[in-house]
Amino acid sequence: MRASQYLIATVKETPSDAEIVSHQLMLRAGMIRKLASGLYTWLPMGLRILRKVENIVREEMDRAGALELLMPAVQPAELWQESGRWDTMGAEMLRLTDRHNREFCFGPTHEEIITDMVRNELRSYKQLPANFYQIQTKFRDERRPRFGVMRAREFLMKDAYSFHLNDESLKETYAVMHETYSRIFTRLGLDFRPVLADTGAIGGSGSHEFHVLADSGEDAIAFSTESDYAANVEKAEALPPQDERPAPSQDMSVAETPQKHTIEEVVNFLKVEATQTLKTLVVHGADESGEKEGVIALVLRGDHELNEIKAEKFSQVYAPLTMASEEDIRAAIGCGIGSIGPVELGIPMIVDRDAAFVADFVCGANEDGKHLVGVNWGRDLPEPEIADIRNVVEGDKSPDGKGTLTIKRGIEVGHIFQLGQKYSESMNATVLDENGKTATMTMGCYGIGVSRIVASAIEQNHDDKGIIWPDAIAPFQLTLLAMNYNKSDAVRETADKLYEELTAAGIDLILDDRNERAGVMFADMELIGIPHRIVVGDRGLKNGAVEYKGRRDADNQDIPLDGLVDWIVQKIGH
RNA sequence: CGGGACGUAGCGCAGCCUGGUAGCGCACUUCGCUGGGGGUGAAGUGGUCGGAGGUUCGAAUCCUCUCGUCCCGACCA
């Protein structure tokens with residue numbers, strides 16, 4: 001490609017509405033443009049990257065034996081009504097009505113469609129296992145689109161769905177997909193980790209997320225220092241304390257704490273450690289049928305955070321988890337938020353394992369402006385019902401018993417799921433087994449956020465000049481910068497010749513033949529992030545040489561023109 | 001959806017408080033010089049100030065409503 005014939009849409013100034021570095025650089029490098037909230041145009045330069053990611057994903061899915069197909073983005077409501085999700089999906093699903101007033105949605109995912117296809121096409125256990133995938137545009141009407149294509153409403157996703165006669169077969173394919181995902185992210189040049197994930201509302205027996213490690217990530221991942229244990233903090237179990245609870249050493253007494261509500265305020269005021277305090281959060285409760293009913297208290301050590309995913313799993317807790325309002329709390333307990341404590345609380349409570357382990361603790365007195373100190377379980381209040389409802393923190397014991405946990409941030413770029421029979425059952429997707437009996441298929445599903453990968457690769461690979469693409473997904477492998485292309489015959493002839501030869505040798509390159517000053521060309525190509533650069537200029541040509549510099553290199557090196565093409569092919573060819 | 005902020009040229013912003021001919025930088029066009037790190041001089045193009053209504057002799061500026069965007073909290077590839 002010649003730069004003079006291409007759209008180099010770089011800009012110097014950072015658009016004001018871009019928060020994270022990948023979003024800023026994608027805009028500045030002329031890869032995307034925003035059309036509306038969560039909707040982006042991929043400019044030619046950006047699309048090249050997206051396609052390269054897509055192709056690697058496709059190659060590895062094909063290698064794993066999955067079959068590519070393409071399903072409609074717009075889907076009829078009937079199938080979603082059949083699975084029950086038409087009513088449960090909520091506002092995230094974009095709903096449409098056609099001219100005949102029939103209802104459709106723009107697919108946020110394709111379980112219903114693939115299950116419908118498979119139940120119509122597959123009749124025999126002999127056709128199983130089967131794994132189908134597509135690379136296709138999804139639409140999810142996110143509450144809060146942000147960070148450019150990182151969390152867009154419309155995005156490109158690879159989604160795969162496997163079908164099995166039994167769980168063993170599912171587990172085999174799941175393992176193959178786990179391996180395939182690792183191959184994909186390795187080929188993409190990303191620093192990633194597979195981590196245990198919560199199975200969420202879908203249920204099922206197993207799930208891993210694949211995270212690209214980056215400080216800007218929206219997820220927290222817990223890693224063991226001693227083993228390969230890694231889990232989303234949503235999922236990571238906080239082990240119960242292993243020692244005995246210390247014996248009480250203080251009598252319980254009331255402390256005046258006027259206007260002290262937060263743990264931090266109380267800790268500073270009473271001069272105690274946060275680990276010696278308990279905090280009591282009040283959320284909406286649920287009755288036996290899961291309807292909202294009353295309130296329930298969740299008790300945590302002062303320095304710990306509630307894990308909402310864990311808490312939501314208790315049947316007494318209303319899902320989705322919602323904090324009770326100040327009025328609800330006053331009505332139920334008689335004091336404000338910030339003065340609540342477990343002693344004679346009068347509403348049901350679930351106490352975190354670590355909170356139940358503290359002796360002589362400080363907690364709210366259920367009376368405004370007062371806290372209790374020197375409180376002890378089993379003496380001043382009954383031994384509690386305990387559970388794991390907190391987020392793990394740095395330094396906790398690893399749930400696998402090996403080492404302690406460290407916490408890092410991650411961007412979820414893939415998620416694999418053992419679905420089970422949720423959809424095949426509700427949609428009656430069956431085959432005949434070897435005994436001629438009807439058998440409901442078991443399913444797995446496997447997603448990769450293709451467009452999100454582009455952004456996460458930038459989060460991991462950039463410097464103050466711009467993007468530094470991994471070779472595998474760079475929009476161009478090499479840039480050929482011609483100094484004074486329009487004035488120097490020697491430069492132009494050499495550059496044109498090199499361009500032809502390198503193209504013929506299969507190198508994906510862009511020749512910068514624009515009538516720009518050197519600084520502009522350097523700055524543009526560095527911003528865009530082309531990983532390899534050759535400079536052709538009169539200065540080098542006098543010595544029969546050009547200059548090479550890798551995007552991460554500190555210095556140029558002179559390379560003789562003679563044998564240059566072979567040298568480059570050797571260095572960056574496939 | 002709750003809380004906060006912002007909408008003025010393609011981009012980044014000033015002007016608004018205290019109403020009186022819409023500005024700056026970048027980008028873009030033409031010409032000159034320059035030519036290995038976003039160079040320079042000259043001359044230009046481009047905006048119904050997000051939209052609607054109101055107050056006023058007069059509104060980018062004041063008031064009301066509305067739409068959009070971004071940031072912080074509950075969901076997900």
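Each chain gets a letter, A, B and so on, in the order its sequence line appears, and its residues count up from 1.
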Please determine, for the side chain of [X], which listed nucleotide ([options]) has the closest atom?
X: Glu308(A); options: A74(B), G36(B), G38(B); result: A74(B)
X: Val520(A); options: C76(B), C71(B), G38(B); result: G38(B)
X: Glu234(A); options: C76(B), A74(B), G37(B); result: C76(B)

Mind checking the [atom1] distance from [N] to [M]? Whole angstroms is fine.
N: C67(B); M: C57(B); atom1: C1'; value: 31 Å
N: C11(B); M: G7(B); atom1: P; value: 14 Å
N: G54(B); M: U69(B); atom1: P; value: 27 Å
N: C49(B); M: A59(B); atom1: C1'; value: 11 Å
N: A74(B); M: G3(B); atom1: C1'; value: 13 Å
N: G47(B); M: C28(B); atom1: C1'; value: 15 Å
N: A60(B); M: G51(B); atom1: C1'; value: 14 Å

N or O in side chain of [X] less than 4.0 angstrom from [N] OP1/OP2:
X: Arg517(A); N: U34(B); result: no
X: Arg144(A); N: G2(B); result: no
X: Lys12(A); N: A27(B); result: yes
X: Lys465(A); N: G37(B); result: no

Do any side-chain atoms of residues 9-20 of chain A form donor-acceptor pairs under 3.5 angstrom with protein atoms, and if so which ones, sequence neighbours left out?
unit_1   : atom_1 : unit_2    : atom_2 : d
Thr10(A) : OG1    : Asp524(A) : OD1    : 2.8
Asp17(A) : OD2    : Lys34(A)  : NZ     : 3.2

For this session: Report the residue from Gln418(A), His208(A), Glu179(A) that forms a side chain to side chain donor-acceptor pair (under 3.5 Å) with Tyr174(A).
Result: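 Among Gln418(A), His208(A), Glu179(A), the one meeting side chain to side chain donor-acceptor pair (under 3.5 Å) with Tyr174(A) is His208(A).
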
Exercise. Is the distance between the ring centroids of Tyr548(A) and Trp567(A) under 6.0 Å?
Worked result: yes

With heavy atoms under 4.0 Å as the rule, sort [X] into base, sugar-phosphate or nothing.
X: Met157(A); value: sugar-phosphate
X: Asp141(A); value: nothing
X: Glu142(A); value: base
X: Asp524(A); value: base
X: Asn515(A); value: base
X: Ala160(A); value: nothing
X: Arg28(A); value: base
X: Glu312(A); value: sugar-phosphate
X: Lys158(A); value: nothing

Exercise. Under 6.0 Å from the six-membered ring centre of Trp86(A) and within 45° of its axis: does the NZ or CZ of Arg95(A) meet both?
Worked result: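 Verdict for Trp86(A): a cation-pi partner in Arg95(A).
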
Indicate, yes or no, whether a donor-acceptor pair under 3.5 Å links the base of [N] to the side chain of [X].
X: Arg151(A); N: C76(B); result: yes
X: Glu526(A); N: G37(B); result: yes
X: Arg143(A); N: A74(B); result: yes

Exercise. Reading nucleotides 6-15 of chain B from the 5' end, what letters show protein touch, with B for base, S for backbone sugar-phosphate only, - for no heavy atom under 4.0 Å?
Worked result: -----BSS--

Nearest whole Å is fine: how far is [N] [atom2] from [X] [atom1]?
X: Glu218(A); N: C72(B); atom1: CD; atom2: P; result: 9 Å
X: Ile20(A); N: C70(B); atom1: CD1; atom2: C1'; result: 14 Å
X: Phe522(A); N: G39(B); atom1: CZ; atom2: P; result: 14 Å
X: Arg153(A); N: A77(B); atom1: CZ; atom2: P; result: 18 Å
X: Phe147(A); N: C71(B); atom1: CZ; atom2: P; result: 6 Å

Exercise. Does any residue of residues 530-548 of chain A have a heavy atom under 4.0 Å from RNA chain B, and if so, which ones, in number order?
Worked result: Arg533(A), Val535(A), Gly537(A), Arg539(A), Gly540(A), Glu547(A)

Exercise. Is the side chain of Tyr446(A) donor-acceptor paired with the backbone N or O of Lys158(A) at a distance under 3.5 Å, no angle test?
Worked result: no

